[in-house]
Novice: 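Okay, here's the structure, questions in a sec.
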Amino acid sequence: MADLKDFAEQLVNLTVKEVNELATILKDEYGIEPAAAAVAVAAGPAGGGDDAGEAQTEFDVILKAPGGSKLAVVKLVKELTGLGLKEAKELVDGAPSAIKEGVSKDEAEGLKSSLEEAGAEVELK
């Protein structure tokens, strides 16, 4: 049982880049399309309902679709995340995917507006 808990903790603590790499491995080597699982892992663990009455203070910026100007979105994602060009392209190609997680409302809204200006469809969670 302890091994499963360790495994679950490793999954929850994956970075966006690692989640995308895991999704690629699952798809290429095992034929598993993990789109829903990747979003669930990127969103983090479900809470026990303790913060039901509190306002949300941390937001995840989710790229739903790159839109018509994919190249501009890839360049912007590269700039915003500090990822390399290849990783940014994989992140955009793997949409829906989390661009940044656990950011303030102001930062999340700024990222959303920048990405939408580049033509992407973005969601805040």
Side-chain angles (χ1 to χ4, degrees):
M1 187 67 142
D3 291 333
L4 288 177
K5 285 186 179 186
D6 291 341
F7 180 66
E9 186 173 326
Q10 288 176 337
L11 283 176
V12 169
N13 291 322
L14 290 176
T15 64
V16 173
K17 180 180 174 187
E18 292 169 332
V19 168
N20 283 326
E21 289 175 11
L22 176 61
T24 301
I25 291 169
L26 289 173
K27 182 178 177 184
D28 294 345
E29 294 184 19
Y30 300 99
I32 298 171
E33 194 71 42
V39 172
V41 170
D50 294 342
D51 348 36
E54 296 179 22
Q56 185 175 353
T57 58
E58 292 187 346
F59 295 84
D60 296 340
V61 180
I62 309 294
L63 175 69
K64 292 173 65 175
S69 183
K70 185 176 169 182
L71 182 59
V73 173
V74 169
K75 288 180 179 180
L76 185 58
V77 167
K78 177 184 179 290
E79 180 183 317
L80 295 173
T81 61
L83 294 172
L85 185 60
K86 179 181 178 188
E87 291 82 8
K89 182 182 181 307
E90 289 173 355
L91 190 64
V92 171
D93 287 342
S97 53
I99 301 298
K100 285 215 173 179
E101 299 174 318
V103 296
S104 70
K105 184 175 183 175
D106 291 339
E107 183 179 355
E109 288 176 349
L111 293 169
K112 180 181 179 186
S113 65
S114 295
L115 288 162
E116 286 176 341
E117 286 176 18
E121 289 181 44
V122 183
E123 174 184 24
L124 297 182
K125 288 190 176 185

Novice: Quick one: pull up CD in Glu123 and CG in Leu63 and give me the separation to the nearest 0.5 Å.
Specialist: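 Answer for the CD-CG pair, Glu123 versus Leu63, is 10.5 Å.
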Novice: How long is the gap from NZ on Lys125 to CD on Glu101, to the nearest 0.5 Å?
Specialist: 11.0 Å
Novice: Mind listing the closest non-hydrogen atom pair of Phe59 and Ser104 along with its distance?
Specialist: CD1-C, 4.1 Å
Novice: Is Leu83 reachable from Val61 through a run of hydrophobic residues whose side-chain heavy atoms are each under 4.5 Å from the next?
Specialist: yes
Novice: Does the Asp60 side chain pair with the main chain of Gly102, one donor and one acceptor, at a distance under 3.5 Å?
Specialist: yes
Novice: Out of Leu80, Val122, Val77, which residue meets the side-chain contact (heavy atoms from CB on, under 4.5 Å) rule with Leu111?
Specialist: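 Testing Leu111 for a side-chain contact (heavy atoms from CB on, under 4.5 Å) against Leu80, Val122, Val77 leaves exactly one candidate, Leu80.
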Novice: Which distance, rounded to the nearest 0.5 Å, do you find between the CD of Glu90 and the CG of Leu85?
Specialist: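 Result: 10.0 Å between the selected atoms.
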Novice: Please lay out, stage by stage, how Leu91 and Lys78 fare under the test side-chain contact (heavy atoms from CB on, under 4.5 Å).
Specialist: CA-CA 9 Å; Leu91 190 64; Lys78 177 184 179 290; over 6 Å; no
Novice: Working to the nearest 0.5 angstrom, can you tell me the gap between Ser69 OG and Glu117 CD?
Specialist: 12.0 Å
Novice: Let me confirm one number: the CD-NZ distance from Glu58 to Lys105, rounded to the nearest 0.5 Å.
Specialist: 14.5 Å
Novice: Considering non-hydrogen atoms only, spot the tightest contact between Val73 and Pro66 and give its length.
Specialist: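 Heavy atoms only, the tightest pair is CG2-O, 3.3 Å.
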Novice: Could you state the interatomic distance from NZ (Lys112) to CD (Glu107), rounded to the nearest 0.5 Å?
Specialist: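 Those atoms lie 15.0 Å apart.
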Novice: What about Leu76 and Leu124, same hydrophobic cluster or not, with Ile/Leu/Val/Met/Phe/Trp/Tyr joined at side-chain heavy-atom distances under 4.5 Å?
Specialist: yes
Novice: State plainly whether one hydrophobic cluster holds both Leu71 and Val92, where clusters connect Ile, Leu, Val, Met, Phe, Trp and Tyr through side-chain heavy atoms under 4.5 angstrom apart.
Specialist: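 No, separate clusters.
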Novice: What are the two closest heavy atoms between Lys100 and Thr81, and how far apart are they?
Specialist: CE-CA, 4.3 Å
Novice: Locate the shortest heavy-atom distance separating Ala118 from Ala72; write the atom from each residue and the value.
Specialist: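 Taking every non-hydrogen atom into account, O-CB, 4.3 Å.
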